[in-house]
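I have placed the structure first, in the form of structure tokens, so that the comments after it can refer back to it.
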Amino acid sequence: LNSLLARPSKGLILMDQPDEQTMKRLSSKIKCIVGIDSLQQSIDNVCYDRFEAGCQAMRYLIEKGHKKIAYIGAHISENVMSIGRYEAYLRMMRQNRLKVNPAWIIDSDWNREICFKKTVELMKLEDRPTALFVGSDHMAIAAMSALHTLNISIPDELSVIGISDIADAKYFNPPLTTIAIPQAEIGEIAASTLLQRIDGDLSLPKRIIVPTTLVE
């Protein structure tokens with residue numbers, strides 16, 4: 001950070017959640033900053049709607065006939081970045097009059113080892129779910145690995161859906177159904193927005209939301 005501020009650039013794309021002091025330092029040296037999924041209200045942001053992505057995932061599972069759906073996320077009660085997906089899970093369960101079992105809500109802390117372990121524990125419950133909605137593809141990999149270890153067939157015995165559509169998703173066994181985030185387009189929009197700011201755009205900060213799509 002000190003190195004960056006010693007020779008400040010004309011613009012910066014921010015893909016982190018800096019504290020208030022760090023953000024003030026950046027803003028004092030770099031005039032044009034665009035965020036990708038940042039929580040900074042004073043700058044442009046390019047993001048996707050986590051709530052809508054979560055609703056898409058849940059809608060898919062419910063339309064497949066699932067009523068006993070578990071949720072695997074992280075920092076569920078405190079992390080704003082995860083609230084959208086978790087709220088979507090709760091909203092869709094209640095909207096469809098499905099029982100929300102607290103034992104089926106897993107906080108993995110975005111840690112694959114924790115996700116693996118807790119998925120194993122989940123599937124050893126007497127009353128276990130028939131589907132998993134996982135907040136990211138990376139965690140879905142760990143969950144699927146746990147299911148393979150327990151010889152639980154996907155999707156015959158249990159369905160899994162993730163969010164991201166990472167490059168490896170289609171090479172899983174079986175391939176992972178997921179909600180795709182257009183990451184390349186997010187980068188292009190962020191760069192284009194930043195160049196407009198450098199060229200003199202003085203309009204109010206923009207929040208640009210890109211659409212997500214189901215990849216079965």
Side-chain angles (χ1 to χ4, degrees), residues 37 47-112 114-116 118-123 125 127-148 150 152-166 168-170 172 174-183 185-186 207 209-216:
D37 266 339
C47 51
Y48 73 97
D49 188 330
R50 285 176 165 75
F51 180 81
E52 177 54 31
C55 287
Q56 282 181 294
M58 288 295 294
R59 198 173 295 118
Y60 173 83
L61 293 175
I62 291 169
E63 288 176 355
K64 289 292 183 180
H66 292 286
K67 297 181 179 180
K68 301 168 70 173
I69 304 170
Y71 174 77
I72 300 178
H75 312 304
I76 289 167
S77 62
E78 58 191 61
N79 188 342
V80 176
M81 299 302 289
S82 297
I83 289 295
R85 285 164 284 200
Y86 178 53
E87 284 186 340
Y89 168 76
L90 294 178
R91 173 74 65 85
M92 293 298 290
M93 290 291 280
R94 290 167 180 164
Q95 186 173 303
N96 289 274
R97 299 180 180 179
L98 303 177
K99 178 184 176 183
V100 177
N101 187 337
W104 297 346
I105 298 172
I106 294 177
D107 189 334
S108 68
D109 198 30
W110 297 139
N111 181 299
R112 290 189 184 186
I114 293 175
C115 183
F116 182 98
K118 289 192 174 184
T119 301
V120 170
E121 294 172 357
L122 172 68
M123 300 314 296
L125 294 176
D127 182 21
R128 72 185 196 185
T130 63
L132 300 181
F133 166 32
V134 189
S136 81
D137 286 358
H138 290 289
M139 292 303 102
I141 297 172
M144 291 174 72
S145 179
L147 296 173
H148 286 312
L150 296 171
I152 295 174
S153 175
I154 307 169
D156 296 333
E157 294 179 72
L158 190 135
S159 294
V160 180
I161 190 168
I163 288 183
S164 290
D165 192 28
I166 61 174
D168 292 338
K170 61 185 176 182
F172 296 165
L176 176 65
T177 294
T178 184
I179 304 300
I181 302 168
Q183 297 183 45
E185 288 80 1
I186 287 175
R207 179 176 168 82
I209 301 176
V210 299
T212 54
T213 53
L214 173 72
V215 177
E216 188 173 20

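If you read the sequence from its start, that first residue is 1, and numbering goes on from there.
Among pairs with a residue in residues 154-166, those fulfilling salt bridge (Lys or Arg N to Asp or Glu O under 4.0 Å) read R128-E157, at least two apart in sequence or across chains.
For the atom pair CD1 of I72 and CH2 of W110, the computed distance is 10.0 Å after rounding to the nearest 0.5 Å. With values rounded to the nearest 0.5 angstrom, E87 atom CD is found 9.5 Å from C55 atom SG. Interatomic distance, CD1 of I154 versus CZ of F172, reported as 10.5 Å (0.5 Å rounding). A distance of 4.0 Å separates OG1 of T177 from OH of Y60, quoted to the nearest 0.5 Å.
Proximity of a side-chain donor or acceptor of Q56 to a complementary backbone N or O of I179 within less than 3.5 Å is not detected. Side-chain atoms of K118 come within 3.5 Å of backbone N or O of D107 as a donor-acceptor pair. A donor-acceptor pair under 3.5 Å is formed between the side chain of S108 and the backbone N or O of G73.
Contact check for I163 versus T212: no side-chain heavy atoms found under the 4.5 Å cut-off. You'll find the side chain of E52 stays beyond 4.5 Å of the side chain of P211, heavy atoms only. Between M123 and L158, some side-chain heavy-atom pair lies under the 4.5 Å cut-off. Between R85 and Y71 there is a side-chain heavy-atom pair separated by less than 4.5 Å. I141 is not listed as a side-chain neighbour of D168, based on a closest heavy-atom distance of 4.5 Å or more. Here the side chains of N101 and L125 are not in contact, with every heavy-atom distance at 4.5 Å or above.
In terms of heavy-atom proximity, A140 sits nearest to V160 at CB-CG1, 4.4 Å. Of all non-hydrogen atoms in V215 and A180, the two that sit nearest each other are CG2-CB, 3.7 Å. Nearest approach of W104 to K99, heavy atoms of both residues: CZ3-O, 4.2 Å. The minimum heavy-atom distance between A143 and L132, with the atom names listed, is CB-CD1, 4.2 Å. Of all the heavy atoms in A103 and L122, the pair that sits closest is O-CD1, 3.6 Å. Taking every heavy atom of both residues into account, A142 and F116 meet most closely at O-CD1, 3.6 Å.
Looking at residues two or more places apart in sequence or on another chain, you find a side-chain contact (heavy atoms from CB on, under 4.5 Å) between L61 and H66, I69, A131, F133, S159, I161. Judged as a side-chain contact (heavy atoms from CB on, under 4.5 Å), and not counting sequence neighbours, the contacts of I209 are C47, D49, R207. Judged as a side-chain hydrogen bond (donor to acceptor under 3.5 Å, both in side chains), and not counting sequence neighbours, T119 has no contacts. The side-chain contact (heavy atoms from CB on, under 4.5 Å) test applied to K170 returns no partner, not counting sequence neighbours. For K68, the side-chain hydrogen bond (donor to acceptor under 3.5 Å, both in side chains) partners are D127, not counting sequence neighbours. With sequence neighbours left out, R112 forms a side-chain hydrogen bond (donor to acceptor under 3.5 Å, both in side chains) with H138. Shown here are the side-chain contact (heavy atoms from CB on, under 4.5 Å) partners of V100, two or more places apart in sequence or in another chain: Y89, L90, M93, I105. With sequence neighbours excluded, the residues that form a salt bridge (charged side-chain N to carboxylate O under 4.0 Å, His left out) with K64 are E216. Scored by the side-chain hydrogen bond (donor to acceptor under 3.5 Å, both in side chains) test, D109 finds H75 as partners (sequence neighbours excluded).
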